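Here the structure is laid out as structure tokens; the discussion comes afterwards.
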Amino acid sequence: MADRFFTKTHEWVRLEDDSAFIGITDYAQKELGDIVFVELPSVGEKLTQFSRFGTIESTKAASELYSPLSGEVTEVNNDLVNHPEWVNQDPYGKGWMVKIKVDNRDEIANLLDEATYKNLIEKEA
Amino acid sequence: MLKTPVYPRHCEKTSKIVNFSGWALPLEYESILKEARCARTNCVLFDISHMGRFIIEGEGRENFLQKLTTNDISKLKTFSLQYNLFTTPEGTIIDDFIVYNLGDKFLCVVNASNREKDFRWLKSNSQRVVIKDETFNTAFFSLQGPLAWKVMQKVVGDSLSELRYMHFLTKKVDGIDLIISRSGYTGEDGFEIYLPKERAIPFWDLIMEKGKEFGLTLAGLGSRDILRIEAGYPLYGNDISESTNPFQASLDWVVKLKSKDFVGKESLVKILQEGIKRKRVGFIMQERGFPRKGYPIFDSSQEMIGEVTSGAYSPNLDVFIGMGYIKTEFACSGTPIKVKVRDKFYRGEVKDLPFIKYKYYR
């Protein structure tokens with residue numbers, strides 16, 4: 001998973017050419033518990049690295065979502081409106097949230113790689 | 001944090017242990033939603049040993065409780081349970097609780113968050129009674145769901161077909177003295193079991209073993225909250241408190257102004273004469289927005305009319321539901337409302353409680 005990077009706030013980003021898919025990590029979905037609502041931006045909205053792009057609600061609490069990279073939203077996973085549980089079932093697959101056109105690949109330097117992220121969650125747990 | 005007698009069992013099954021009114025209790029075992037569904041399709045087991053349990057003895061016990069409560073204790077027969085309220089002299093709610101008439105004494109089951117407050121209140125008003133806090137000497141379990149009776153049948157060797165809703169019996173099982181009531185906080189058929197703490201773990205294990213074939217699942221505080229909201233039950237600290245009175249809380253049926261005298265009665269009579277300006281109601285959301293405690297409620301022209309006091313996603317109805325206080329003129333089933341979730345308004349509708357159909361065994 002060399003093309004996947006993480007934030008300290010438990011989002012992941014997977015790069016595909018100029019685009020990137022964004023979601024939350026398996027650790028995050030486990031901590032949140034049953035997801036019941038996901039509020040996502042619209043296609044065309046501009047996201048800025050580490051700023052809020054949406055909200056996710058579990059049975060327990062509402063949490064903000066922060067974008068791992070800057071870019072314009074080109075696709076939104078609208079299936080999550082009716083199937084928020086997909087975030088629990090498959091956080092890296094059908095639980096993806098938005099696809100963006102990446103502004104600046106240099107921002108990747110501000111993200112964590114898989115090994116570093118694993119270390120972080122081991123410390124949190 | 002305080003630990004219940006079966007705390008070691010919770011730790012074996014889940015890491016999601018939270019502080020609930022000073023008690024270390026499981027929030028969920030596997031999934032809050034799964035547990036809440038299982039309670040309505042099969043059965044679930046809750047550890048509710050955190051709830052306060054007082055024994056009230058002495059020849060003055062009936063007059064004593066009659067004076068401090070809104071419901072009519074003289075109507076409570078031996079082997080029966082009653083929902084009741086303690087009110088302040090101002091008529092606001094000190095606590096809601098269940099009282100068992102054990103014949104020669106009463107057992108009061110109160111909210112964990114109010115145990116110490118209630119105990120002080122009872123002590124300071126006691127006359128010719130002895131009040132004992134048995135919370136730390138006993139355990140208390142709740143087995144809920146349509147298959148709960150089948151599990152109990154295996155556990156106690158008796159179908160309990162004579163045991164009706166809001167009644168109890170005493171029974172010895174494996175040498176353990178049990179008080180088994182047909183009651184709960186879910187709207188389903190179910191049982192609550194009171195037993196000495198020394199036998200709590202083996203009895204817990206016995207229920208789990210006998211429940212296997214019926215799909216019995218452990219359930220935590222998260223699903224307990226969803227289930228009681230679906231059933232329309234208020235939770236002290238959310239939906240009722242010392243700043244609400246029973247009429248505002250839509251608990252009129254628990255207040256017997258005509259048949260008895262009690263602390264708070266004078267104020268409640270006056271409150272009723274002056275009129276009730278806000279009322280506790282249920283509502284369902286017509287859009288997918290999670291109504292959480294504290295969110296403001298608006299009418300269709302976006303005028304603020306109240307506030308959410310409890311909310312949940314109901315896995316059994318697949319809709320967001322809630323309770324809250326709104327101006328009396330809007331407190332009528334079918335009235336359109338809006339709930340402000342963060343910066344957006346979501347449409348909803350006032351709905352009669354409960355949201356689900358009660359399945360009590362009467």
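Remember, it's a predicted structure, so these values are computed and weren't measured experimentally.
In A/Lys118, the NZ atom is not crowded: 12 or fewer heavy atoms of neighbouring residues, nucleotides or ligands sit closer than 6.0 Å. Sparse packing is recorded around CG of A/Asp18, with 12 or fewer heavy atoms of other residues, nucleotides or ligands lying under 6.0 Å away.
Judged as a ring pair (Phe, Tyr, Trp, His ring centres under 6.0 Å), and not counting sequence neighbours, B/Phe283 has no contacts. Scored by the salt bridge (charged side-chain N to carboxylate O under 4.0 Å, His left out) test, A/Glu72 finds A/Lys46 as partners (sequence neighbours excluded). When the ring pair (Phe, Tyr, Trp, His ring centres under 6.0 Å) test is applied to A/Tyr117, the partners found at least two apart in sequence or on another chain are A/Phe6, A/His10.
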Below 3.5 Å only, please: all the donor-acceptor pairs between chain A and chain B, one per line.
| residue | atom | partner | partner atom | Å |
| --- | --- | --- | --- | --- |
| A/Lys30 | O | B/Lys16 | NZ | 2.7 |
| A/Asp34 | OD1 | B/Ser31 | OG | 3.1 |
| A/Asp34 | OD2 | B/Ser31 | OG | 2.8 |
| A/Asp34 | OD2 | B/Ile32 | N | 3.0 |
| A/Asp34 | OD2 | B/Leu33 | N | 2.8 |
| A/Glu39 | OE2 | B/Lys344 | NZ | 3.2 |
| A/Glu39 | OE2 | B/Tyr346 | OH | 3.2 |
| A/Glu57 | OE1 | B/Arg292 | NE | 2.7 |
| A/Glu57 | OE1 | B/Arg292 | NH2 | 2.7 |
| A/Glu57 | OE2 | B/Arg342 | NH1 | 3.2 |
| A/Glu57 | OE2 | B/Arg342 | NH2 | 3.1 |
| A/Ser58 | O | B/Arg292 | NH2 | 2.9 |
| A/Lys60 | O | B/Arg292 | NH1 | 3.4 |
| A/Lys60 | NZ | B/Glu28 | OE2 | 3.3 |
| A/Ala61 | O | B/Arg292 | NH2 | 3.3 |
| A/Val81 | O | B/Arg288 | NE | 3.3 |

